[in-house]
Amino acid sequence: MFTLFQRCKAVTVIALSGVLAWLPISASAQTCPFDDGNSSLAVEGLVLTRYALGLTGAPLVANSGINAVDAPTVEAAINCHSCGLNITGNLTMTVADATIISRKLAGMTGSALTNGLALGSGTRNTSAAVQSFLLSGCGATGGTVTGITAGTGLTGGTISASGIIAADTTYLQRRVSAFCSVGQSIRAIAADGTVTCQTDSTGSPYAFVLYGNAFGTAGVLGTSDDQDMKVVAGGSKVSLEVAGGNGLRVFKTTSVPSSPNVVNGSVSNTSTNINYAGVMIGGGGSSNTNCYAPATATNNRPCANRTNSNYATISGGLANSVTGSSGGYVGGGESNTAGGDYATVSGGISNTALTQSVVAGGVSNIANGFDSAVGGGANNTAGGSYSAVPGGNLNVAGGATSLAAGNRAKATHDGSFVWGDSVAADVTTTADNQFVIRSTGGVHLSPPTRLYFGMQTRQMINLWGTSATTPDEFGIGVQTAAAYFRSNSNFCWFKGGTHSDTFCTPGGSGTVQMALRDTAAAITAVGHLYAASFNIGSDRAVKTAIQSINPRNVLSKVLAMPITSWAYKTDHKTRHIGPMAQDFHKAFGLGGSEKSIATVDADGVALAAIQGLHQIVKDKQSRIEVLEKLNATMHKKLAAIEKRLGM
């Protein structure tokens, strides 16, 4: 049984190796698999008894001559339901099965095999059934053929020991399934009914015959003199094909017989309906089905070129189609679709053009607006009527007569034009008839370029502010007879420097030349302002918190304040006279900063000081007049005294 191969090191271990011996090699009586002469009570009987008692793994084969690593294979063989080891007919090996096999190996026969055993509820639960099962070879396969019935095409009958089965040649001759053409005869018939033909013609060896020739050299069909050649078919199709059916096919159409369809290239290329006329497929195509499918973004689209449109043209490529009702064109590329009347896709991959639209090339571009166009690039859409995308990536011309170009430009409103730079974000229109540019590197105009804004008074340039309520917060415009600069709060004029988002800061080494603020605050400006007249707003109507002052007090502070001559660091050649802003602010507390002096304050202080000085002069004049009157009186009195004294 399974000791045979365990003891033969040159053969891979197969559990219950005697299983091979169980298959009878002759028509002799069958024997049980454990009764082939290779089994022993000391090995097979021991292993089966251990298994019946519940032992598995290494303990199952311990000290039996079988390697421990082969124990799983032995277990699998014991559990084989068709191997005849379940003597009592149970589903698993039991103690009773193992005992019966061990007694059989020990030489016992008859009722002695089952004496004292509980046979259980299997299919052989009696001694007689067990003995019959053992005598019949334990259900092993094999035996002697005892009869056969002849089928169709055979002769012969039932046999018990030996016999002959013969073929009915008359019947087989009726099974010939092919024939030879005129001028040929059958040379051989194959078993499947096909035939081998031989040529009987004695004419030219280069004459063309039905189903082709074997010239041994290239065949040429044509004329050798100065004459035209015409190939005419009485049917609806003419084909010029190479092996596999690929080549030129000309189809007659039922709708317009004078406009046949011409299909070239792969045999899979097709005009799907003979009712369509004037179709031309120039070539390309393949019988494969792994071309790119745009709808699912997978490679499972048929690679043939095909159309179901009148007067459609596909020049070549793979998996291209024309599906509009008339006049579509695909030049080449892969997985392109001209899906509308008179639509054109010149090439590229996965492009789609609908009614009277054009896609010149690129990848995954769509022109689905009436009379729209995409020049190339990738993932662009011209969706508005008369819209265009010349190229770029992820651009959308969605409005009528719109244009989008560059990168992620979205012209979604009518009459709009959007240019997007390489920044990975959308730039889009917000209203009809807009020209939107995103150019983070700047917009550069050639030196001779001039900008014109027409003759309409309006804010020409909006520098900031896009909301519906405040669209013009910062900008430059023209009113009747006046140009203006608009700021929603403040204005700063810089010289040099770089951009800074800090308020009124020139950045870098720049300087503030001038600042206009809606509230007083510390701003150091060093520019020079020139005008024929500089008028400061001083209308009483714009003033509040009006208070009286003491001119003499102002004068005393002016007298105490240092007045020096100096020059600005930014203009050291120009001399000025005046106080320092810090001293002025300390003396009077005027203005919004101790770093600047408002001209209105300087003027006011000067005027107040003049008034103070005028008051002092006036007071002195009054005293002088009193003294002069007193002096005149005294002079009169002195004259009277002198007169009286006779002096």
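Since the model is a prediction, treat every value here as computed from it, not as a measurement. Residue indices begin at 1 and follow the sequence shown.
- The side-chain heavy atoms of F417 and Q434, taken from C-beta on, include no pair separated by under 4.5 Å.
- The closest donor-acceptor contact from the side chain of K252 to the backbone of G234 lies at 3.5 Å or more, if one exists at all.
- Within the model, atoms CG of N261 and CG of N310 stand 8.5 Å from one another, a figure rounded to the nearest 0.5 Å.
- Under the 3.5 Å distance criterion, the side-chain polar atoms of S372 are matched with a main-chain donor or acceptor of A382.
- In this structure, the separation between CG on N320 and CD on E334 is 8.0 Å, given to the nearest 0.5 Å.
- A donor-acceptor pair shorter than 3.5 Å can be found between the side chains of S325 and D341.
- In terms of the salt bridge (Lys or Arg N to Asp or Glu O under 4.0 Å) criterion, R301 has no residue partners (sequence neighbours excluded).
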Side chain to side chain contact (heavy atoms under 4.5 Å, CB included) assessment of T352 paired with N368: CA-CA 8 Å; T352 300; N368 57 5; over 6 Å; no

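- Looking at V478 and M460, their side chains come closer than 4.5 Å, going by heavy atoms from C-beta outward.
- Side-chain contact annotation: T412 with T429, donor-acceptor N/O pair under 3.5 Å present.
- Considering only heavy atoms from C-beta on, S357 stays 4.5 Å or farther from Y342 through its side chain.
- Contact annotation: the side chain of L248 never approaches that of V263 to less than 4.5 Å [non-hydrogen atoms, C-beta and beyond].
- Judged purely by atom type and a 3.5 angstrom limit, N264 has no side-chain atom pairing as donor or acceptor with the backbone of R249.
- Of the possible polar contacts, none joining the S259 side chain to the V256 backbone as a donor-acceptor pair under 3.5 Å is found.
- Here the closest non-hydrogen pair linking A409 and G420 is CB-N, 3.9 Å.
- Residue W464 holds its CH2 atom at 10.5 Å from OG of S487, rounded to the nearest 0.5 Å.
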Candidate pair V512 and I523, rule side chain to side chain contact (heavy atoms under 4.5 Å, CB included), full reasoning: CA-CA 8 Å; V512 180; I523 294 291; 4.2 Å; yes

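- Nearest approach of A353 to A343, heavy atoms of both residues: O-CB, 3.4 Å.
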Step-by-step side chain to side chain contact (heavy atoms under 4.5 Å, CB included) determination, V436 to W419: CA-CA 6 Å; V436 179; W419 166 261; over 6 Å; no

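- Side-chain contact annotation: T298 with T296, donor-acceptor N/O pair under 3.5 Å present.
- Remark: R408 CZ to S422 OG distance equals 11.5 Å, nearest 0.5 Å.
- In plain terms, the two heavy atoms of T457 and T480 that are nearest each other are CG2-N, 4.1 Å.
- Side-chain atoms of T505 never come within 3.5 Å of backbone atoms of G507 as a donor-acceptor pair (strictly under, hydrogens ignored).
- Summarising the geometry, atom CZ belonging to R517 is positioned 7.0 Å from atom SG belonging to C504; distances are rounded to the nearest 0.5 Å.
- Two residues are said to be in side-chain contact when any heavy atoms from C-beta on lie closer than 4.5 Å; V330 and T313 fail this criterion.
- The aromatic rings of F485 and F491 stand perpendicular to each other, their planes meeting at an angle above 60°, with 30° marking the opposite boundary.
- The shortest distance between side-chain heavy atoms of Q479 and Y484 falls below 4.5 Å.
- For N380 (side chain) and L394 (main-chain N/O), a donor-acceptor pair under 3.5 Å exists by modelled atom type.
- Taking 4.5 Å as the limit, every side-chain heavy atom of Y386 sits out of range of all side-chain heavy atoms of S402.
- The two residues T570 and V526 come nearest to each other via the heavy atoms OG1-CB, 3.7 Å.
- For Q513 and T511, the side-chain atoms include at least one donor-acceptor pair closer than 3.5 Å.
- The two atoms that bring Y311 and S326 nearest to each other are CD1-OG, 4.0 Å, heavy atoms only.
- Under the side-chain hydrogen bond (donor to acceptor under 3.5 Å, both in side chains) criterion, T428 pairs with no residue, sequence neighbours left out.
- Remark: side-chain polar atoms of N351 are not paired, donor with acceptor, to backbone N or O of V345 under 3.5 angstrom.
- At least one donor-acceptor pair under 3.5 Å links the side chain of N305 to the backbone N or O of G283.
- F503 approaches N490 most closely through the heavy-atom pair CE1-ND2, 3.5 Å.
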F474 and N488: CA distance, side-chain angles, deciding distance, side chain to side chain contact (heavy atoms under 4.5 Å, CB included) verdict: CA-CA 6 Å; F474 295 83; N488 75 343; 2.7 Å; yes

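- Counting heavy-atom neighbours within 6.0 Å of D226 CG, excluding the residue itself, gives a total of 12 or less.
- Using modelled atom types, one side-chain atom of S309 and one backbone atom of G324 make a donor-acceptor pair closer than 3.5 Å.
- Of the possible donor and acceptor atoms, one in the side chain of D421 sits under 3.5 Å from a partner among the backbone N and O of V423.
- S387 has its side chain out of reach of T401: every pair of non-hydrogen atoms, C-beta onward, lies at least 4.5 Å apart.
- Here CG of N407 is found 5.5 Å from CG of N393. Values are rounded to the nearest 0.5 Å.
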